[in-house]
Amino acid sequence: MVTSDSRIRFMAYENAYYDNDSDEFNEVTDHVIKVDIKPLYNTVACLNLKKEFANILACKEFSDVTLIAKDGIELKAHKAILCGRSPVFAAMFRNNFQENKTNLIRIDDMVAEVIEEMLKFLYTGGDVLETFAKDLFIAANKYSLLDLQIMCENILINTMEIATVADILLLADRLANARLKTNAVQFIVKNIKTVTETEGWKKLCETDHDLSRLVLDKTEKNAKRMRYNNSSFGTYVEPATGRNSVVSGNSAT
């Protein structure tokens, strides 16, 4: 039992165990709380490792492969890192591909700035800036970088905006990302009036009629369900058909 006169000593040590009945502790306190500081050591080690790998990428020492971006800029890297982090890169150098013969990887659909951010993630596993989330999401899918894909996916979901959500929906559909697609559809349904006025929505309607129709159908069903839940009896106009519908009791016709 802890009394008002008791003092608690916090001990921090690694894999050390003391007998609470020893004279050393009894002379000082009634209670000894042991804190294992190994997690702190691990955190520091991880931070140092990230810093060291960032330095390896920056200084280009012992680099043995060159990535050529869409804009012609060359970036140096290390095969071991690329192959260890990406099964796609590993396949390039494991098999008799052109990249394995020339040690050159041409990435014609990505600018140097995006490739550089991808390399930073490959070397350090660092955070993703919101500015690059969309482009890195595409890169992650291309090179099978699952961790990067999830990070970018979360950013895109948490930062959806009226002006760009139609583009995100189109991207999610093309890359078959169900979670991002579902969130984009839900966002548009909730903001249908403003989203349909954007250039992104007009582009979506022109390039993918089935996808835009899917959103409108869900919007119609959502409106019908909300009106049904909020009315015990009444009529409303369905968004797509303009037809009067009756809501009464347990049915909507």
Side-chain angles (χ1 to χ4, degrees), residues 50 69-71 85-88 107-231 236-242:
K50 290 176 64 174
K70 177 181 179 180
D71 45 9
R85 297 282 277 155
S86 166
V88 176
I107 306 179
D108 296 329
D109 55 354
M110 294 168 59
V111 297
E113 193 175 24
V114 175
I115 296 176
E116 185 176 8
E117 291 298 317
M118 180 181 70
L119 289 175
K120 288 179 181 178
F121 177 83
L122 291 177
Y123 279 71
T124 68
D127 295 330
V128 174
L129 297 177
E130 181 181 334
T131 308
F132 295 101
K134 182 179 177 181
D135 291 325
L136 288 178
F137 179 71
I138 298 173
N141 279 267
K142 180 178 180 178
Y143 293 109
S144 297
L145 307 173
L146 182 58
D147 290 345
L148 180 59
Q149 176 185 319
I150 294 174
M151 290 175 67
C152 294
E153 180 183 314
N154 289 335
I155 293 174
L156 293 175
I157 289 173
N158 294 327
T159 60
M160 283 185 182
E161 297 178 346
I162 297 295
T164 58
V165 66
D167 294 332
I168 298 300
L169 173 60
L170 187 60
L171 176 63
D173 184 67
R174 289 179 174 175
L175 296 181
N177 188 293
R179 179 169 173 254
L180 182 59
K181 180 178 178 179
T182 298
N183 278 269
V185 170
Q186 292 175 347
F187 185 94
I188 295 175
V189 168
K190 292 179 181 179
N191 302 276
I192 189 66
K193 290 184 178 180
T194 50
V195 171
T196 51
E197 296 175 354
T198 65
E199 291 299 320
W201 175 260
K202 295 175 183 178
K203 175 184 175 183
L204 175 63
C205 293
E206 294 174 356
T207 58
D208 197 325
H209 176 75
D210 291 338
L211 188 56
S212 60
R213 184 68 258 175
L214 170 68
V215 175
L216 293 176
D217 288 344
K218 288 187 176 295
T219 302
E220 182 177 344
K221 291 179 182 179
N222 184 64
K224 188 173 183 178
R225 182 173 60 252
M226 290 180 64
R227 289 176 181 271
Y228 176 75
N229 291 337
N230 294 332
S231 304
Y236 66 95
V237 178
E238 294 183 0
T241 64

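Atoms OG1 and NZ, on Thr196 and Lys202 in that order, are 9.5 Å from each other to the nearest 0.5 Å. Separating the CG atom in Leu169 from the OG1 atom in Thr164 is a distance of 11.5 Å, to the nearest 0.5 Å. Here the CD1-CD distance, from Ile192 to Glu197, works out to 10.5 Å after rounding to the nearest 0.5 Å. Of the inter-residue distances, the one linking Glu161 atom CD with Leu156 atom CG reads 11.0 Å to the nearest 0.5 angstrom. Here CG of Leu119 is found 10.0 Å from OG1 of Thr124. Values are rounded to the nearest 0.5 Å. Between the OG1 atom in Thr159 and the CD atom in Glu130 there is a gap of 4.5 Å [rounded to 0.5 Å].
The two residues Met118 and Met110 make their nearest non-hydrogen contact at SD-CE, 4.2 Å. Residues Ser212 and Trp201 share a closest heavy-atom pair of O-CH2, 3.9 Å. Nearest heavy atom pair, residue Ile162 against residue Thr198, reads O-CG2, 3.7 Å. Residue Ala112 comes nearest to Ala69 through the heavy atom pair N-CB, 3.4 Å, listed as atom of the first residue, atom of the second, then distance. Between Leu180 and Asn177, the closest heavy-atom pair is N-OD1, 2.9 Å. Between Asp167 and Gly200, the closest heavy-atom pair is OD1-CA, 3.9 Å.
Put simply, the side chain of Phe121 reaches to within 4.5 Å of the side chain of Asp147, judged on heavy atoms. At a threshold of 4.5 Å between non-hydrogen side-chain atoms, the residues Phe137 and Leu175 count as touching. Between Ile150 and Asn154, the closest side-chain pair of non-hydrogen atoms falls below 4.5 Å. Proximity of Asp210 to Arg213: side-chain heavy atoms (C-beta onward) are nowhere separated by under 4.5 Å. Within the 4.5 Å cutoff, the side chain of Phe187 has no heavy atoms near those of the Ile168 side chain. Between Ile107 and Lys70 there is no side-chain heavy-atom pair separated by less than 4.5 Å. Put simply, the side chain of Met160 does not reach to within 4.5 Å of the side chain of Asn191, judged on heavy atoms. At a threshold of 4.5 Å between non-hydrogen side-chain atoms, the residues Arg174 and Asn141 do not count as touching.
When atom types are taken as modelled, the side chain of Asp208 and the backbone of Leu204 share no donor-acceptor pair closer than 3.5 angstrom. A donor-acceptor pair under 3.5 Å is absent between the side-chain atoms of Ser144 and the main chain of Pro87, judged by distance alone. The closest donor-acceptor contact from the side chain of Asn222 to the backbone of Lys218 lies at 3.5 Å or more, if one exists at all.
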Q: Could you walk me through whether Glu113 and Asp135 pass the side chain to side chain contact (heavy atoms under 4.5 Å, CB included) test, one step at a time?
A: CA-CA 10 Å; Glu113 193 175 24; Asp135 291 325; over 6 Å; no
Q) What do the steps show when you test Asp217 against Lys221 for salt bridge (charged side-chain N to carboxylate O under 4.0 Å, His left out), and what is the final call? A) CA-CA 6 Å; Asp217 288 344; Lys221 291 179 182 179; over 6 Å; no
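None of Glu116, Lys120, Glu117 except one satisfies the side chain to side chain contact (heavy atoms under 4.5 Å, CB included) rule with Phe132; the exception is Glu117.
No salt bridge links Lys203 with Glu206; every basic N to acidic carboxylate O contact stays at or beyond 4.0 Å.
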